[in-house]
Amino acid sequence: MDFNALAERLLPGEYPALETFEKRYPQRDLPAKAEVTRLAPSPTGFIHLGNLFVAIANERIAHQSGGRLFLRIEDTDLKRKVDGAVEAVISALDYFDIRFDEGAQIGGDETYGPWYQRQRADIYRAYAKELIRRGRAYPCFCTEEELSAMRDVQTANKETTGYYGKYAKCRTLSEGEICAALDAGKPYVIRLRSAGDASRKFVFHDEIKGDVNVSENDQDVVILKSDGIPTYHFAHAVDDHLMRTTLVIRGEEWLASLPVHLELFSALGFRPPKYGHNCSLMKMDGASKRKLSKRKDPELSLSFYRQEGYHPFAVKVYMLTLLNSDFEEWHAKFPDKPLEEFPFRIGKMSKSGALFDLDKLNDISRTELSRLSEGEMLAFLRGWTLDYGGERERAYFADEAYLREVLALCMGTAGKKRRKDFVTAKQALEEIGYFFSDYRQRDAYRVDPQTRNAVISAFLATYSHENDAQVWFSKVKEVAASLGFAAEMRDYKANPDAYRGSVSDVAEVLRIAVTGRANSPDLWSIMHILGEERTRARLQAALA
RNA sequence: GGCCCCGUGGUCAAGAGGUUAAGACACCACCCUUUCACGGUGGUAUCAUGGGUUCGAUUCCCGUCGGGGUCACCA
């Protein structure tokens, strides 16, 4: 077989000599320990919490080591392409502070581009042509039907499925057969002629998983699809070599194809990067865990968190606590230090899949939000409102001084004790709704209507808006006492049977009447922010 | 099903051949309290299982079970 002639027939024309690529994409000039990492999404426009997870790890490792992080777009499958997807990816990641040094739409150093794989078609073909010349790749004319029939046979025989060994029938086609098929205009793909033996095993060191047992690849994988575009595997080997990637952190689902990648690197004469296969984020589905899925878990797309109004910092803190178990302690110890100062270590990443825990995220969100000043909170809420808020939320910003006052009270920024009532922007705006015209009773009264009316009327009878907090509260106590409730918590606790309840129960009635909820900041302050008129109106309305 | 990965409380997890097996979330109780919170203290709860190795195993080895991943001209 004349491989040179075959290569010429399959990929006619002049392709640059491979050395020119080595020159065009030189070894990077970086410090010794610097790592070059990347994110290589396909342009579906969908970004997942899992993507963020991996993105943060890649970003940290690159920047912490003085290396580079780049963005490459894996657009080799046109079926997946969605317009504006790249912008969406960048914007979503940017929201969480992931900044690329170079890559698609980044505008940094362009040396290692182009960053869209479709624009690199000639590069892949040049390497594919070389592989054909060396007899390491060959054309395959098998149709989809043939392949699937073959798979059925293999399954029935309980054999490994795929294109390998005796099943790789195009591997042994004669020159004449190939030419005939080509002359007939049959579509074909280019496959790797694997030199591996699946019965041979070896140990591979994974940066996250540690030593992993793998078998050699023996599959004649497709490297160039019938449209001349490379498969992921081939593009990965070529690109990550030429872009001088030193470390690939990617999802665990790639571990199975690692042998393919390793053989590709070796066939191409490239040194493979280091790999870290990171476990996927799991979700509880009924009684069992499962990987987060785009289809089934739209609520776990990155845009969900933005829409809900989670603070990006909080999400990042949560991701980091899952990524490196000692981060949480570090962050608790140095809450004011920038996250970048945390010594992130790939070796600390967990080998087992973490279950996504919304309770934990919410707790972190609460804590992080409670650390903001009311000015920062105002800005955060405004940002969210501009993007996702409705008319109601927008109206809250009409009187900024008033809003500030509300936030200061709700966050406890004035006093020494911060409150932790806010979890997300959306929820916070809902939470403060009662300071605006839309009163809604959210929580139910725990006392019967008669008692409720009695409490409210009694309070109304003595209510004087000018009273300071002290006087105001002593009046609440009087109301309590007059209706058979303990005025002092202590008394109630000492002898609960002697009372119908305590001041707490009385205050709760008033609280619900005024705010619509059983939880709120200091009631007296609320009444004073609302003003006498609205306060009386709400109490009055609650009587009805 | 084959192959690979994983297996400490409900969740995230630290940990070491001998420990009272950390911590965080959630939950419960109590304390503080001028109501709501914040906070504080305490509590319930874990080494999947069987067999080895060992004076001793949750830790090392093997099997079992369980969970996950992967077996495309998708990435």
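Residue numbers begin at 1 in each chain, while the letters A, B, ... track the order of the sequences. Atoms considered below: every heavy atom in the structure, side chains included; atoms not considered: hydrogens, waters and symmetry mates.
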A:A256 side-chain proximity, nearest of B:rU70, B:rA24, B:rA14: B:rU70

Between B:rG7, B:rC12, B:rA24, which nucleotide has the shortest distance from any of its atoms to the side chain of A:A354? B:rC12

Are any of the side-chain heavy atoms of A:C410 and A:P521 separated by less than 4.5 Å? yes

Contact between A:F204 and A:Y275 at the side-chain level, heavy atoms closer than 4.5 Å - yes or no? yes

Report yes if at least one side-chain N or O of A:N213 is closer than 4.0 Å to OP1 or OP2 of B:rC5; otherwise report no. yes

Using 4.0 Å as the upper bound for N to carboxylate O, is an ion pair formed by [Y] and [X]?
X	Y	result
A:K360	A:E328	yes
A:R345	A:D326	no
A:D122	A:R125	yes
A:E431	A:R517	yes
A:E146	A:K169	yes
A:K493	A:E488	no
A:K225	A:D227	no
A:E207	A:K274	no

Could you tell me how far [M] sits from [N] if I compare only their [atom1] atoms? Round to whole Å.
N	M	atom1	value
B:rU19	B:rU41	P	27 Å
B:rA48	B:rC12	P	14 Å
B:rU20	B:rG2	C1'	47 Å
B:rU35	B:rA16	C1'	50 Å
B:rG9	B:rG69	C1'	26 Å
B:rC47	B:rU58	C1'	4 Å
B:rG17	B:rG23	C1'	24 Å
B:rA37	B:rC30	P	14 Å

Check the side chains of A:Q154 and A:E159 for a donor-acceptor pair under 3.5 angstrom, ignoring hydrogens and angles. no

Using distance alone, with no hydrogens and no angle criterion, decide if A:R500 and A:T451 have a side-chain donor and acceptor under 3.5 Å apart. yes

What contact category does A:E329 fall into here, base, sugar-phosphate, or nothing, at under 4.0 angstrom with non-hydrogen atoms? nothing

Nearest-Å distance, [atom1] ([X]) to [atom2] ([N])?
X	N	atom1	atom2	answer
A:K351	B:rG7	NZ	C1'	12 Å
A:L255	B:rC71	CG	P	12 Å
A:L361	B:rU11	CG	C1'	13 Å
A:Y318	B:rA13	OH	C1'	12 Å
A:Q219	B:rG2	CD	C1'	12 Å
A:N362	B:rC12	CG	C1'	15 Å
A:N324	B:rA14	CG	P	10 Å
A:K209	B:rG7	NZ	C1'	12 Å

Dot-bracket for RNA chain B, 5' to 3', Watson-Crick and G-U pairs with both distances under 3.5 Å, [ ] for crossing pairs, | for partner on another strand, reads (((((((..(((.....[....))).(((((.......)))))....(((((..]....))))))))))))....

Which atoms of nucleotides 72-75 of chain B (N or O only) lie under 3.5 Å from a protein N or O atom, and what are those distances?
| residue | atom | partner | partner atom | Å |
| --- | --- | --- | --- | --- |
| B:rA72 | OP2 | A:R151 | NH1 | 3.4 |
| B:rC73 | O2 | A:S226 | N | 2.9 |
| B:rC73 | O2 | A:S226 | OG | 2.9 |
| B:rC73 | N3 | A:S226 | OG | 3.3 |
| B:rC74 | OP2 | A:K225 | NZ | 3.0 |
| B:rC74 | O2' | A:D77 | OD2 | 3.1 |
| B:rC74 | O2' | A:R80 | NE | 3.3 |
| B:rC74 | O2 | A:R80 | NH2 | 2.6 |
| B:rA75 | OP1 | A:T76 | OG1 | 2.8 |
| B:rA75 | OP1 | A:K225 | NZ | 2.5 |
| B:rA75 | OP2 | A:Y232 | N | 3.3 |
| B:rA75 | O3' | A:E74 | OE1 | 2.7 |

Could you check whether the rings of A:F70 and A:W115 sit parallel, tilted or perpendicular, using 30° and 60° as the cut-offs? tilted

Heavy-atom protein contacts under 4.0 Å, nucleotides 32-38 of chain B, coded B base, S sugar-phosphate only, - none: -BBBBSB

Taking for A:V212 and for A:D363 the nucleotide of RNA chain B with the nearest heavy atom, the one nearer the 5' end belongs to A:V212

